[in-house]
Amino acid sequence: MTENSLNENQGIEAVSWNRKHLLDIDDFSTSEFDLVMKTADVMKDVLSRPIKKVPALRGKTIGTLFYEPSTRTRSSFELAAKNLSADVVNLAASSSSIAKGENLIDTVHTLEAVGVDVLIMRHPIAGASHLAARYAKSSIINAGDGAHAHPTQALLDMYTILKHKPCIQGLKIVILGDSRHSRVARSNIWGFTAMGASVTLCGPRSLLPVGLTGQHAVYSNIKLETDISLALDGADVVMALRMQKERQSAGLIPDIREYVAQFRLTSERLAAARPDVVVMHPGPVNEDIEISSEVASGPHSVINEQVSNGLAVRMAVLYLITGGNKE
Ligand code: CP
């Protein structure tokens, strides 16, 4: 591998990624997952060098358009684009003409008029990135739309698991907490079950999603469980979720102390999982609400690794979506 090319015998299969947009991973094939994982490995190698920069996206302009706060996703996408030598323009809704009333489609067209090729977008409304993609000439990457989807988070979570387990097939993965309002849970369920894991969603009934199981369910291999000790029994991976207070209607959690008493991931509870259990959290963490600080910083935790891997995975996504693997 030379610093000037990612196209020379990198272990990236010569398959083209025929996606213009990345809106969710619900229609990913297993070979597409593999391609992203392998490409992320190449990017991880780039990130291990003294100069973490390759010219793969030289001449491209990447825009970030965030209508909601973000630390991890936005900073890692920005760094990913810069590491690939793209130009970057960052737009926060609060400090742009959106605050003067400019609508989403006009904002997308305005960014395209200044040369944006790929637009990374976070929005509080589910489906907003699909709407943008319908009108966009540029590629849209969904960086989180309401409670609907967060595809690059799911890809980096899968990538992180694969750094600790030989494969995802056959794993028991527990997603703990507010899965009803979680776009991370929704995208991860697609990825984990597509790769052959069984997924248990655990939490109070009011925070578990409706319509995921049963006759008309679109997902398969999913179980809902309100008893945390049954859920954690024999788990290979436990992912605690942030309490999505900004998306909850009133009354779903009568008392946060009650939730903490019954569902916080503690060392005692984690003892029911497998000895080599991997503990994850997409962040940001509400310390000592959904997970104890002892578990969050303990030997099973890969929370910081998830953030680091996010950079490699987002470099891979940008590289693939701009046709980086096509000669
Ligand atoms: N996991 C995640 O999306 O974090 P940010 O909100 O900080 O981007």
Side-chain angles (χ1 to χ4, degrees), residues 22-25 36 40 62-83 88 90-95 118-129 140-161 163 173-192 201 203 207 237-248 265 278-287 289-291 295-297 301-318:
L22 175 58
L23 305 177
D24 199 358
I25 55 170
V36 175
I62 310 296
T64 67
L65 175 58
F66 277 62
Y67 289 75
E68 273 191 347
S70 166
T71 300
R72 292 150 199 78
T73 312
R74 189 174 151 171
S75 61
S76 60
F77 262 122
E78 182 177 348
L79 272 175
K82 287 177 174 170
N83 289 345
V88 183
N90 292 311
L91 214 65
S94 55
S95 58
V118 180
L119 189 56
I120 296 148
M121 200 185 117
R122 173 171 290 188
H123 201 284
I125 307 291
S129 48
I140 303 291
I141 297 179
N142 182 5
D145 61 327
H148 175 234
H150 194 348
T152 57
Q153 179 70 44
L155 291 169
L156 76 87
D157 289 337
M158 293 170 77
Y159 184 76
T160 303
I161 291 172
K163 294 293 152 208
I173 302 181
V174 178
I175 300 180
L176 177 62
D178 183 9
S179 46
R180 176 175 288 203
H181 301 96
S182 174
R183 54 195 176 208
V184 174
R186 242 167 276 276
S187 287
N188 263 323
I189 290 167
W190 284 117
F192 293 156
L201 303 178
L207 294 184
V237 176
V238 182
M239 178 182 290
L241 296 175
R242 181 174 70 85
M243 194 63 76
Q244 307 261 312
K245 290 184 205 117
E246 73 275 26
R247 293 188 224 288
Q248 288 175 10
L265 186 60
V278 170
V279 172
M280 311 179 81
H281 192 302
V285 174
N286 291 313
E287 190 118 313
I289 301 285
E290 56 258 3
I291 185 169
V295 173
S297 59
S301 172
V302 297
I303 295 172
N304 287 335
E305 226 181 286
Q306 287 172 267
V307 179
S308 306
N309 288 337
L311 179 53
V313 167
R314 288 177 174 126
M315 285 171 73
V317 164
L318 287 176

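Read the numbers this way: they start at 1 and go in the same order the structure lists the ligands and their atoms. Nothing fancy with the numbering, it's 1 onward along the sequence. This one's a predicted model, so the numbers in the text were calculated from it and none came from an experiment.
Residue Gln153 has at least one heavy-atom neighbour below 4.0 Å for each of these atoms of ligand 1: 1 (N), 2 (C). Ligand-side atoms of ligand 1 in range of Thr71: 5 (P), 7 (O), 8 (O), range being under 4.0 angstrom from any heavy atom. Those atoms of ligand 1 with a heavy atom of Pro282 less than 4.0 angstrom away are 1 (N).
Residue His150 has at least one nitrogen or oxygen atom sitting less than 3.5 Å from a nitrogen or oxygen atom of ligand 1, judged on distance alone. Checked by distance only, ligand 1 and Gly283 come closer than 3.5 Å through their nitrogen or oxygen atoms.
Ser187 places no side-chain N or O within 3.5 Å of a backbone atom of Val184 that could act as its donor or acceptor partner. With Gln306 contributing its side chain and Leu156 its backbone, the two residues share no donor-acceptor pair below 3.5 Å. The closest donor-acceptor contact from the side chain of Arg183 to the backbone of Gly146 lies under 3.5 Å. In this structure a side-chain-to-backbone donor-acceptor pair under 3.5 Å is missing from Arg314 to Phe77. Asp145 places no side-chain N or O within 3.5 Å of a backbone atom of His123 that could act as its donor or acceptor partner.
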Legend entry - Derivation and outcome, side-chain contact (heavy atoms from CB on, under 4.5 Å), residues Met243 and Leu207: CA-CA 9 Å; Met243 194 63 76; Leu207 294 184; 3.8 Å; yes

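For the ligand labelled ligand 1, residue Arg122 lies inside the 4.0 Å heavy-atom shell.
Looking at atom 7 (O) of ligand 1, its nearest protein heavy atom turns out to be Arg72 NH1, 2.7 Å. Protein heavy atom closest to atom 2 (C) of ligand 1, with residue, atom name and distance, is Thr73 OG1, 3.6 Å.
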